[in-house]
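Report on the following structure.
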Amino acid sequence: MLLSRIRGPEDLKTLSEEELHELVEELRSEIIRVTAETGGHLASSLGAVELIVALHRVFDSPRDRILFDVGHQAYAHKLLTGRQDRFHTLRQEGGLSGFTKVSESEHDAITVGHASTSLANALGMAVARDLQGQDHKIVAVIGDGALTGGMALAALNKIGEMGKDMLIVLNDNEMSISPNVGALAGYFKTLQVQKWVQDAEKLGKGFLERISPRLFELADRAKEATKMILHQENPFYAWNLRYVGPVDGHDLKGLVYLLEKLKDLSGPTLLHIVTKKGKGYKVAEEDPTHWHGASPFNPDAPQKKKGSHTWSLAFGDAVTELAEREEKLVVLTPAMREGSGLVRYAQTWPDRYLDVGIAEDVAVTTAAGLALAGMKPVVAIYSTFLQRAVDQVIHDVAIEKLNVVFAIDRAGLVGADGPTHHGVFDLAFLRTVPGMQIAAPKDALELRAMLAAALEQNGPVALRWPRGAVEPAPEGAWPECAWGRWEVLKPGSEVYLLAFGKTLGYALEAAAADPRVGVVNARFLKPLDRETLAELAAGRALVTVEDHQLAGGFGAAVLEALEELGLRPEVRRLGLPDRFTDQGKVESLHARAGIDAAGIRRALAELGVNVNVSA
Ligand SMILES: CC(=O)c1sc(CCOP(=O)(O)OP(=O)(O)O)c(C)[n+]1Cc1cnc(C)nc1N
Ligand SMILES: [Mg+2]
């Protein structure tokens, strides 16, 4: 195996062209083999193999810095930079991250998972390089989806103005997770039409190159000038970038040739490559959306597994039905149609569905605009990605008390995607916002009740639910919701477990049938049900349980309310400690954090209540 001889990028420099092609095939096989076991971002990584081989052939990582936006397409990069022997631990607890991570390798220039950060990072590194009188190269690889993020476009604007030496590789596969959206995506397609121009150019280049490099240089400049005229509308020129492309992102020889030519040019250059997401694996090429984030599969007979019913689908079913009777309802997503369970809704109500691209800030403020104009917007968004739009929630929605509903998915620990994707900060930043109401349904039925009621509230509402399976609610079921009220599921004589969201299951399991331990579905964090809290606190201890950072979370809200009520029961707060939680199986991460049934029983024991497990 040629790949086993590659201990680092320097080993690529001596390979023949034929060996490089052989290496590409071996990398693809290894990515498929391991992702079949661990799951992961298969299609994206398959599409970037030739690019990554060419980059490590031409540039000198780690001296030269190669940044990968999102970092989910970088499996070949990991395999070429000394991590083959650990690659099988991808996304496992204690294993390699599914994204690039600075602490994992000197070859990983940035720690990522959220999109659109590579260009600003590259700008910072270029400014630092020049201030320190260094001369290494900086390359940022960004996908067409990530380029729909405002951060990326704003960084391009500054990069163009400063004119720093760097190479930006736009990996254009016309896909985000679902097909990419936006005017730029449409424009890129027109650029690709001029394939014949590319082929003619290639012929011309080869001819001139052989006659005189100087002549080639002059011709290249002349061509650039011509393109400036022909492509006046090319936004990259407006951003003062040298634009090269679009070229075939799977033509390894062409990529190496081009990168050699571009690496020493001064100023910022954008190389636009066109790739096939899922390249080299038929099922992934045919359905890159499904194979974007693949669950473990049989590599010899890859099947699209019918997944269990999830919270995302429960929300999708509910909002699709609700739109029938709520004509003003509009659902927005920042590029997460499948992840947020919106495929059925998008197909049923296309005129009241907006995928704004990877632009959470735009999603929230567009929702504000919709609300100001009399519509009922629902922003379907992962907890972790809502972090991108905190100011928009405050400034554009909450100050005017707009009734925008935030349907927050992936709330809590999410598992293999790790710290960049855990949704464990939203309660802390949402509950400080005046007028924001926050609730967590215990099941799909309660989700429906809360969703319908949320659209009738005066002001913004955040509903949050975890990643994972949930029993479906019957079609057409729209139960009432006792808005703002907790639900005592089991009385207790000595202590009450106040569980918020996902942890309710653990609380019921921990309490078992022990009459001393009560269980409350504390489904509303804001407004907190102070009346019920005061009743429960009388003469009993309290244990709060949440799948969120302890700092600023549900338990903190309960402590604050007790203080304001002048009550001082004994309280234990269970939640995530003040550190980032690594990747791993969610159940295992919950156990490590002590928010599972065993952890709750340990807290009860500290309070002198040793639950009889057989009870
Ligand atoms: C991994 C993850 O969470 C991905 S990968 C991805 C598509 C990226 O498309 P791009 O064209 O940049 O790359 P491609 O897959 O090679 O086509 C999205 C939307 N997400 C979710 C997402 C949403 N929002 C933000 C801010 N960051 C991320 N990572
Ligand atoms: Mg893409």
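Ligands are counted one by one from 1 in listed order, and the atoms in each one are counted from 1 as well.
Of all protein atoms, those that are N, O or S and lie under 2.8 Å from the Mg ion (ligand 2) total 3.
A cation-pi geometry, defined here as NZ or CZ lying under 6.0 Å from the six-membered ring centre and within 45° of its normal, does not hold between K78 and F87.
Relative orientation of the Y382 and F385 rings is parallel, given thresholds of 30° and 60° on the angle between their planes. Using bins of under 30°, 30° to 60° and over 60° for the plane-to-plane angle, the ring pair H41/F99 lands in the tilted bin.
One finds no salt bridge joining R467 and D409 here, because no Lys/Arg side-chain nitrogen approaches an Asp/Glu carboxylate oxygen to under 4.0 Å.
For the side chain to side chain contact (heavy atoms under 4.5 Å, CB included) test, residues two or more places apart in sequence or in another chain that qualify with N298 are D300, A301. By the side chain to side chain donor-acceptor pair (under 3.5 Å) test, T384 pairs with H114, sequence neighbours left out.
Scanning both residues, W465 and P441, for their nearest heavy atoms gives CE3-CG, 4.2 Å. Summarising the geometry of V127 relative to M162, their closest heavy-atom pair is CG2-CE, 3.9 Å, with the distance given to 0.1 Å. Annotation for E174 and D172: closest pair N-OD1, 3.1 Å, computed over non-hydrogen atoms.
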Using a cut-off of under 3.5 Å, which N/O atoms of ligand 1 pair up with protein N/O atoms, and what distance separates each pair?
| from | atom 1 | to | atom 2 | distance (Å) |
| --- | --- | --- | --- | --- |
| ligand 1 | 3 (O) | H421 | NE2 | 2.8 |
| ligand 1 | 11 (O) | D144 | N | 3.4 |
| ligand 1 | 11 (O) | D144 | OD1 | 3.0 |
| ligand 1 | 11 (O) | G145 | N | 2.7 |
| ligand 1 | 11 (O) | M175 | O | 2.9 |
| ligand 1 | 12 (O) | A146 | N | 2.9 |
| ligand 1 | 15 (O) | S44 | OG | 2.8 |
| ligand 1 | 15 (O) | H72 | NE2 | 2.8 |
| ligand 1 | 15 (O) | K277 | NZ | 2.8 |
| ligand 1 | 16 (O) | N173 | ND2 | 3.3 |
| ligand 1 | 17 (O) | N173 | OD1 | 3.1 |
| ligand 1 | 17 (O) | N173 | ND2 | 2.9 |
| ligand 1 | 17 (O) | M175 | O | 2.9 |
| ligand 1 | 17 (O) | K277 | NZ | 3.4 |
| ligand 1 | 24 (N) | E360 | OE2 | 2.8 |
| ligand 1 | 27 (N) | A115 | N | 2.8 |
| ligand 1 | 29 (N) | G113 | O | 2.8 |

